[in-house]
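First comes the structure, then the notes that go with it.
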Protein chains: 2
Amino acid sequence: MNYKQFRHCGLDVALTMLSGKWKPIILYHLFHQEQIRFTDLWRIIPKVAKKVLLDHLKQMEAHGLIIRTEKNTFPPEVYYQISEKGRAMGPALTALELWANEYAADEVKDLQDDKKKKYLIRKESLS
Amino acid sequence: MNYKQFRHCGLDVALTMLSGKWKPIILYHLFHQEQIRFTDLWRIIPKVAKKVLLDHLKQMEAHGLIIRTEKNTFPPEVYYQISEKGRAMGPALTALELWANEYAADEVKDLQDDKKKKYLIRKESLS
DNA sequence: TGAGCAGGTTACTAAAAGGTGAACTTCGGG
DNA sequence: CCCGAAGTTCACCTTTTAGTAACCTGCTCA
């Protein structure tokens, strides 16, 4: 295998753009849904504070990973979708995902259980 | 392209293991050097505090990404090297790197300039 | 005997990230 | 003509992560 291309600067940049507690799950939804409204995203993701979700979305928009579109209807509708730049990251993310499932299955399972628990808590608190 | 495999839990796990200000550059060196002594690593990486470097190495060891070997010679020699699990992450990291170079070239250049500056500062303060 | 070296720890501080709850805006509907 | 809705902002707080500096160990060598 050849790691001549693997230089830490680019890796730093990519990881910086991915750093943030909720970015993986945000990306997950945006990769699967064309576009999604702010409030829907907020309701789907368990336990994020509105403000924090917004912070993350702003950062990602600033990095060019996602696109924000605002319709001036009332009440306002704001849609988020993945950009070309963001979508281009897909294969790399899939590679990480596969690595985790193959080499860190235990940790993945732990995290899943953990999230399931949190999700149940959140579900209770809704309707 | 098919993102059926791309589930945020595994991605979370992988990114958690990669999260840390100095992990990309640590990985960079370990990927290229078979094994490296603690102090050498510390001298090579500009501006890390010893403690922080140690923290990162401990985390990475705990995650199974790297292997620590201690020779009880005098003065002590401690070598760090990438593990199989860590090396298996290589292709995914390369993919991120390539993405950054293609889609975020500006940010990569900024970071490189920035690091070069810091590196010069550090070089002055040595020898 | 005591300076020096490699690796590591401790105690502390500073900065970044994440979180909470309330309030603002701008409109349409009752 | 006040209420509620979606998206956003504000003021404030807690937790996590990074950084500094001093000190410890166990040995060597001058």
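FYI, side chains are in, hydrogens and waters are out, and symmetry mates aren't considered; it's all heavy atoms of this structure. Below, chains carry the letters A, B, ... as their sequence lines are ordered, and counting in each starts from 1.
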Can you tell me which nucleotide in [options] comes closest to the side chain of [X]?
{"X": "B:P75", "options": "D:dT20, C:dA6, D:dA11", "result": "C:dA6"}
{"X": "A:W22", "options": "C:dA6, D:dT9, C:dG19", "result": "C:dG19"}
{"X": "A:F74", "options": "C:dT9, C:dC27, C:dG7", "result": "C:dC27"}
{"X": "B:V52", "options": "C:dT9, C:dG7, D:dG19", "result": "D:dG19"}
{"X": "B:A49", "options": "D:dT20, C:dA6, D:dA6", "result": "D:dT20"}

N or O in side chain of [X] less than 4.0 angstrom from [N] OP1/OP2:
{"X": "A:K51", "N": "C:dG21", "result": "no"}
{"X": "A:K21", "N": "C:dG19", "result": "yes"}
{"X": "A:K58", "N": "D:dT9", "result": "yes"}
{"X": "A:H56", "N": "C:dA17", "result": "no"}

Distance in angstrom units between B:L54 CG and D:dA21 P, rounded:
17 Å
Whole-Å distance separating the CG atom of B:L15 from the P atom of D:dT17
14 Å
With nearest nucleotide decided by heavy atoms, which residue, B:D40 or A:G20, maps closer to the 5′ end of DNA chain C?
B:D40
Closest-nucleotide mapping onto DNA chain D: is A:E70 or B:Q59 further toward the 5' terminus? I mean the 5' end.
A:E70
Would you call A:I25 and A:V48 a side-chain contact if the rule is heavy atoms closer than 4.5 Å?
no
Is A:D55 salt-bridged to A:K58, going by a charged N under 4.0 Å from an acidic O?
no
